[in-house]
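Note that ligands are numbered from 1 as they come in the structure, with each ligand's atoms numbered from 1 the same way. Only heavy atoms go into these numbers, but all of them, side chains included; no hydrogens, no water, no symmetry mates.
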Amino acid sequence: MKNKKFTSTSFIKSKQEKHMISMLTAYDYSTAKLLDEAGVDSILVGDSLGMVMLGYENTLKVTMEDMIHHTKAVKRGVKNAFVIGDMPFMSYHISTEETLKNAGRFIQEAGADAVKLEGGYAVIDKVKAIIKAQIPVVGHIGLTPQSVNMFGGFKVQGKSEENAKKLIEDALLLEEAGVIAIVLECVPAKLAKLISEKLSIPTIGIGAGNGCDGQVLVIQDMLGMYSDFTPKFVKKYATLGDNMKEAVRNYIEEVENKEFPKVEHTFSISDEVLGKLY
Ligand SMILES: Nc1nc(=O)c2c([nH]1)NC[C@@H]1CN(c3ccc(C(=O)N[C@@H](CCC(=O)O)C(=O)O)cc3)CN21
Ligand SMILES: CC(C)C(=O)C(=O)O
Ligand SMILES: [Mg+2]
C-alpha cells in the first residue's frame, strides 16, 4: 500500500483486505509533503483549520475561500495520498445548486479527490446530488462540529438508545447514497464497532475506538503543537510544540549575544572590491 496512489476505490478495497486506513489533517504544502512522504493513505484538509491555523473558537467562520486556498496548498505537496476537502459551514446548506457549485470548486479549482460534509438524513439529498455529479463524498456523523450551537458544545454523541439508533440509520443512509467512507467522530467505541460491522464501506474513527476501519487525527494534536484543548482521543506522538519553543528560545539567546549568525552563515566579498568602498 505504501508509495502507491490511494484512490476512491482503495477505500472499499482496504476494508475488504483489512488494511486499516490512516488519515491525518494537513492545511499547508510543507506539512502535506511530509505526510505524503511518510506514506499516509489520505489527507483531510479539515475545516478544523479555522481553529488550528486561524485561531477561531469553532469552525463556523471558515469560508469556501479559506478552504480552497488551503486545499490548493496541500495538493501541491501530495503525490500519493487521497486528498479530501472538508465542506465548510453553510456551503452545502442553502440549496442543491450552491452545494454542487461548492463541491465542484474543491475538485476543479483546488484539485481535491473528494469532499466531506457533516450529517446524515438532513443532508442526504445534497450527498446524492454531489455523487450524481461524479464527485466522491466522505460522510461524517457523530460529533459534527458545525452543529456545535445545537449540541451545546463539543460533546460525545450516540450515548442514548434514540441517539445511537439515529447514528446507525444515518450511517446506512449514507452508505446507500454511495459515500466512499464515513468519519465517526466522538462516539462510544462499541457503537462505532457495531456501525462498522453493519457497513461494507469503511468507517474512519476519531474518538471512536479501534473497531473502525481507519483512523484520523488533527496533525497538530498528534504532534503536540496545539494546546488550546486536548480531546481525550488524542495521542501525542511527538512534542513538537515544546521542541519549537526550545529552538526559538535558543535562537533569541544567540541573536541577543551575537552567537548567531556565524561565518558559515554569511557571504563573502573580495578585499579588492571592499577596499574601493572606503
Ligand atoms: N485541534 C483540533 N482537534 C480536533 O480534533 C478538532 C478540532 N481541532 N476542531 C474541530 C473539531 C472539534 N473537536 C473536538 C473538540 C473538543 C472535544 C472535547 O473537548 N471533547 C471532550 C469530551 C466531552 C464529553 O465527554 O462529552 C473530551 O474530553 O475529549 C472533542 C472534539 C474535534 N475537532
Ligand atoms: C476532525 C476531522 C474529522 C475534521 O472534520 C476536521 O479536521 O475538520
Ligand atoms: Mg471538519
| said: As an exercise, identify every atom of ligand 2 less than 4.0 angstrom from a heavy atom of Ser48. | reply: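 Per the distance check, 6 (C), 7 (O), 8 (O).
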| query | Are Lys235 and Tyr237 in a cation-pi contact, defined as NZ or CZ under 6.0 Å from the six-membered ring centre and within 45° of the axis? | reply | yes
| query | With backbone taken as N, CA, C and O and side chain as the heavy atoms from C-beta onward, which portion of Val156 lies under 4.0 Å from ligand 1: side chain, backbone, both, or neither? | reply |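 Looking at Val156 and ligand 1, atoms from backbone and side chain both fall under 4.0 Å.
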| query | What part of Asn58, side chain, backbone, both or neither, has a heavy atom within less than 4.0 angstrom of ligand 1? | reply |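 Near ligand 1, Asn58 shows nothing, with every heavy atom at 4.0 Å or more.
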For ligand 2, does [X] get within less than 4.0 Å through its side chain, its backbone, both, or neither, judged by non-hydrogen atoms?
X: Thr25; result: side chain
X: Leu44; result: side chain
X: Lys116; result: side chain
X: Thr59; result: neither

| message | Assess, by modelled atom type and distance only, whether the side chains of Glu175 and Ser200 contain a donor and an acceptor separated by less than 3.5 Å. | response | yes
| request: Could you tell me whether the side chains of Thr96 and Thr99 share a donor-acceptor contact shorter than 3.5 Å? | output: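 No pair is found: no donor N or O on one side chain lies under 3.5 Å from an acceptor on the other.
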| field | Sub-4.0 Å atoms of ligand 1 with respect to non-hydrogen atoms of Pro145 | value | 11 (C)
| field | Opening angle at the Mg ion (ligand 3) [OD1, Asp47; OD2, Asp86; to 10 degrees] | value |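 Rounded to 10°, it measures 80°.
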Protein contact of [atom] - nearest heavy atom, named by residue and atom, plus distance:
atom: atom 1 (N) of ligand 1; result: Asp221 OD1, 3.0 Å
atom: atom 8 (N) of ligand 1; result: Phe229 CZ, 3.7 Å
atom: atom 17 (C) of ligand 1; result: Phe154 CB, 3.7 Å
atom: atom 8 (O) of ligand 2; result: Asp47 OD1, 2.8 Å

| task | Check whether any N, O or S atom of Glu118 sits under 2.8 Å from the Mg ion (ligand 3). | result | no
